[in-house]
2 protein chains.
Amino acid sequence: MAETSPPQPAANGRAKGKPRGGKRVGIREIAAQAEVSVATVSMVLNNNPKITGETRAKVTKVIDQLGYRPNRIAQSLSSKYTNLLAVLMPTLRHTMADPYFGELISGICDKAARLGQKIMLEHAKPDFVREKRHIDLFDRRYIDGILCIGFSDKHTFLGDFAERGDLALMVNNVGFGLDHVVCDYASGAEQIMTYLLQLGHRRIGMLHGSPDVYTMRQMMDTYKKSIASATGGEDDTLLVDGRFTEEHGYTATSQLLSKHPDVTAIFAGNDKMALGALHCAAERGLSVPGDLSVVGCDNIQYAAFVNPALTTVNTPLYDTGMLACERLIDRIRGRKRPVAEVLPTHLVLRDSTSLAKQTQ
Amino acid sequence: MAETSPPQPAANGRAKGKPRGGKRVGIREIAAQAEVSVATVSMVLNNNPKITGETRAKVTKVIDQLGYRPNRIAQSLSSKYTNLLAVLMPTLRHTMADPYFGELISGICDKAARLGQKIMLEHAKPDFVREKRHIDLFDRRYIDGILCIGFSDKHTFLGDFAERGDLALMVNNVGFGLDHVVCDYASGAEQIMTYLLQLGHRRIGMLHGSPDVYTMRQMMDTYKKSIASATGGEDDTLLVDGRFTEEHGYTATSQLLSKHPDVTAIFAGNDKMALGALHCAAERGLSVPGDLSVVGCDNIQYAAFVNPALTTVNTPLYDTGMLACERLIDRIRGRKRPVAEVLPTHLVLRDSTSLAKQTQ
DNA sequence: CGTATTTGGTAAACCGTTTAATCATTATAA
DNA sequence: TTATAATGATTAAACGGTTTACCAAATACG
């Protein structure tokens with residue numbers, strides 16, 4: 001019995017612009033002013049073709065007269081979507097400051113914005129995983145889908161997503177039954193090795209990251225195969241773990257050079273390790289590329305700005321982020337076929353590589 | 001008449017773990033199983049002291065028996081908060097890949113996670129501002145508050161926040177009537193200048209960024225004052241705009257050195273410009289620090305990894321992000337007093353600075 | 001011309017919580 | 001002992017949209 005109209009202020013002429021008091025203008029006010037039902041307003045909002053020109057115009061007019069903006073919380077509650085995506089990353093040291101992640105995330109954000117989605121940031125800290133908060137993200141209806149970047153096969157909790165049927169997509173790694181978008185690191189490594197061998201290098205060391213990452217395994221395998229085919233089968237591989245960082249790239253290089261002074265080239269699995277190698281070479285008084293050629297991977301911004309500028313493989317991280325985001329949204333919108341995309345990579349020649357020193 | 005109990009399955013013994021079908025378990029099921037009202041469950045959830053031991057235990061038990069997780073959309077709809085904060089940035093080239101922003105955001109994310117808030121990322125693209133989407137963020141109830149980083153006084157749309165009474169906090173700039181958290185760039189600049197003058201440098205160039213940023217103005221003013229007091233009032237300032245980037249830092253340095261070959265030291269307003277300067281010096285065959293001392297600002301990660309390692313000012317960006325986030329949340333939770341915090345900075349001596357070359 | 005179908009719109013249920021206002025109890029005070 | 005207050009839980013009304021089922025009028029069909 002409280003549904004009758006008398007108590008409502010009804011259509012009073014002076015209600016223009018923002019409402020005076022605290023109360024925000026809602027869909028009901030719009031409906032009242034436009035003299036239609038709330039259902040109609042909702043349908044106009046959602047471009048439902050059922051509502052035709054005349055009515056639509058009337059409603060639209062009132063909407064921007066009152067500056068009405070639909071409450072997205074309410075929308076999410078009744079509709080199926082939150083229009084929020086999460087980007088999940090491991091907790092490396094200040095992940096966000098890393099150009100690798102940064103490029104990916106930039107791509108993700110730009111694409112998301114273009115498609116009307118918002119992006120949430122999450123770090124998979126130990127307690128995050130322990131308390132199953134990655135699951136809460138879906139269960140508590142924070143997000144519609146999640147993008148996982150920077151993870152290795154050791155991060156088994158990622159398996160939860162596939163198991164529960166939650167929409168998750170992994171970037172630059174494959175596994176756990178998840179969708180994935182990756183750069184063609186195998187091809188990148190091959191291009192590097194071909195190039196180095198062409199330059200006459202035979203003793204080539206590799207600074208690798210965790211082999212628990214699919215793309216890194218690809219690079220390592222390619223490296224091994226190249227060496228094998230160059231030496232005619234003899235095992236001349238020189239692998240050192242640089243753990244993806246400058247610091248470990250530095251120490252790994254140091255070890256490598258001490259143990260194998262005949263190394264003339266270093267292939268680093270990413271640019272950060274390559275920078276570490278550069279640093280180490282400089283400290284030892286080795287000239288790059290005179291005494292030692294160094295090549296990295298990813299073509300992060302800084303690669304062009306170090307001395308000497310770094311020869312590297314361009315992995316289209318920004319585009320990878322864009323594509324990953326787009327495909328995830330496809331899935332949310334109902335795409336059935338799993339996503340498995342590979343983006344091409346190419347060599348970028350700069351100043352850190354040259355012909356091998358004449359072998360003694 | 002649809003409120004009676006018969007149709008409900010009621011408390012059936014076998015309902016354990018996740019519900020079998022599609023439907024998620026809601027607060028009503030919990031209430032039914034625990035034989036209390038939904039209000040009671042809600043109060044248990046929110047640690048309302050009104051609910052005592054006995055009942056609380058009973059409810060809690062059912063909650064984790066059924067693995068219930070409250071729907072945060074529904075929570076937000078009826079409560080006042082979304083528990084979502086936005087980080088707003090200008091659209092520089094791939095902002096996220098920038099170590100400066102990265103460190104800030106890392107700090108913000110970590111603190112937010114610790115305080116149970118989620119972080120959303122937004123880029124203030126031209127159309128974003130034109131369509132007033134920064135306002136939508138509040139009007140459509142996406143967020144409770146917003147952190148603005150990387151903006152200058154030219155970004156006048158930031159004024160909207162204060163005007164509308166939306167909770168916004170600016171990092172490393174002050175203005176628009178917004179709360180702010182900044183590093184003490186003035187002190188940083190002073191430490192640099194004192195140090196360079198001590199080393200005997202007199203012709204010191206400065207690579208600055210936009211003077212529309214408060215903190216940059218502070219650095220420029222400090223620089224000018226230092227020069228003036230060192231030369232006894234004569235205007236020996238050598239200011240070139242490096243626009244905060246490596247590229248412009250490079251070209252600015254190039255111009256500076258061409259025009260003033262007697263410059264023995266360069267003070268760059270941030271590390272990126274300093275890296276550009278380093279690059280330029282190397283290209284010109286100038287040894288750093290032998291021929292030219294270079295100092296940066298911010299102490300980004302790469303500063304330690306270039307050749308030579310860069311002398312710089314440490315601005316605690318990570319902590320700044322943490323504090324900014326914390327204070328914003330204070331405000332959301334009701335803090336009345338505006339926020340205006342300044343974090344201390346200090347010089348980090350590395351290898352890019354040394355005594356000035358004997359003046360001719 | 002009478003009936004079937006389409007069209008444009010409405011009423012009301014629903015999404016899953018929080019929170020006033022209310023109501024039995026039981027403890028406290030007069 | 002009775003009125004009063006405190007305690008612990010409940011009822012029902014928000015919160016602000018979407019959506020299903022339904023309806024009247026208009027159009028199509030035989």
Side-chain angles (χ1 to χ4, degrees), chain A residues 1-5 7-8 19 22-32 34-59 63 66 68-83 136 138-142 144, chain B residues 1-5 7-8 19 22-32 34-60 63 66 68-83 136 138-142:
Chain A
M1 51 163 126
E3 287 277 330
T4 45
S5 35
Q8 305 175 338
K23 261 190 86 62
R24 289 182 154 107
V25 23
I27 201 173
R28 292 183 160 87
E29 277 103 288
I30 302 297
E35 300 180 290
V36 297
S37 73
V38 294
T40 304
V41 178
S42 173
M43 289 169 142
V44 169
L45 247 30
N46 296 295
N47 291 315
N48 189 317
K50 250 182 156 178
I51 309 300
T52 29
E54 179 119 14
T55 323
R56 176 177 300 278
K58 190 170 55 177
V59 173
I63 284 180
L66 301 199
Y68 165 70
R69 315 267 65 197
N71 179 325
R72 122 312 136 167
I73 300 272
Q75 288 183 314
S76 292
L77 186 59
S78 36
S79 81
K80 200 172 146 196
Y81 306 107
T82 65
N83 295 317
D136 271 19
F138 286 95
D139 271 358
R140 303 197 52 198
R141 296 220 47 206
Y142 266 101
D144 295 331
Chain B
M1 52 158 124
E3 286 277 330
T4 46
S5 33
Q8 305 174 340
K23 264 190 82 62
R24 288 184 155 105
V25 21
I27 201 173
R28 292 185 161 85
E29 279 102 290
I30 303 297
E35 301 180 291
V36 296
S37 72
V38 295
T40 304
V41 178
S42 174
M43 288 168 142
V44 168
L45 247 30
N46 297 294
N47 292 313
N48 187 318
K50 252 180 155 178
I51 310 299
T52 30
E54 178 118 16
T55 323
R56 174 177 301 276
K58 189 170 54 177
V59 173
T60 317
I63 284 180
L66 302 198
Y68 164 71
R69 314 267 66 195
N71 179 325
R72 78 64 48 177
I73 300 270
Q75 288 184 314
S76 292
L77 186 59
S78 37
S79 81
K80 200 173 148 197
Y81 306 106
T82 66
N83 293 318
D136 272 19
F138 286 96
D139 271 358
R140 303 196 52 198
R141 294 220 47 205
Y142 266 101

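Numbered from 1 within each chain, the chains take letters A, B, ... in sequence-line order. Remember, it's a predicted structure, so these values are computed and weren't measured experimentally.
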- [ ] Would you please confirm or rule out a distance under 4.0 Å between OP1 or OP2 of C/dT10 and any side-chain N or O of A/Ser37?
- [x] yes
Open item on the list: Classify A/Val36 by what it touches in the nucleic acid, base, sugar-phosphate, or nothing, heavy-atom distance under 4.0 Å.
Closed with: sugar-phosphate
Open item on the list: Measuring to OP1 and OP2 of D/dC15, would you say a side-chain N or O of A/Asn71 lies under 4.0 angstrom away?
Closed with: no
Please enumerate all protein N or O atoms sitting under 3.5 Å from an N or O of nucleotides 20-22 of chain C, with distances to 0.1 Å.
none

- [ ] Verify, without hydrogens or angle tests, whether B/Asp136 (side chain) and B/Asp139 (backbone) share a donor-acceptor contact under 3.5 angstrom.
- [x] no
- [ ] Looking at every strand, decide which applies to B/Arg141 at a 4.0 Å heavy-atom threshold: base, sugar-phosphate, or nothing.
- [x] nothing
- [ ] Might you point out which heavy atoms bring B/Ser76 and B/Tyr81 nearest each other, and give the distance in Å?
- [x] OG-O, 3.2 Å
Open item on the list: Distance check, rounded to the nearest 0.5 Å: B/Asn71 atom CG versus A/Arg140 atom CZ?
Closed with: 8.0 Å
Task: D/dG17 phosphate, OP1 or OP2, under 4.0 Å from A/Tyr81 side-chain N/O - done: no
Task: Test item: A/Arg69 side-chain N/O and A/Val25 main-chain N/O as donor-acceptor pair under 3.5 Å - done: no
Open item on the list: As an exercise, state the distance from CZ of B/Arg72 to CG of B/Asn83, rounded to the nearest 0.5 Å.
Closed with: 8.0 Å
Open item on the list: Strictly below 4.0 Å: does B/Ser78 bring a side-chain N or O up to OP1 or OP2 of D/dC15?
Closed with: no
Task: Contact nearer the 5' end of DNA chain D, comparing B/Ile51 with B/Ala74 - done: B/Ile51
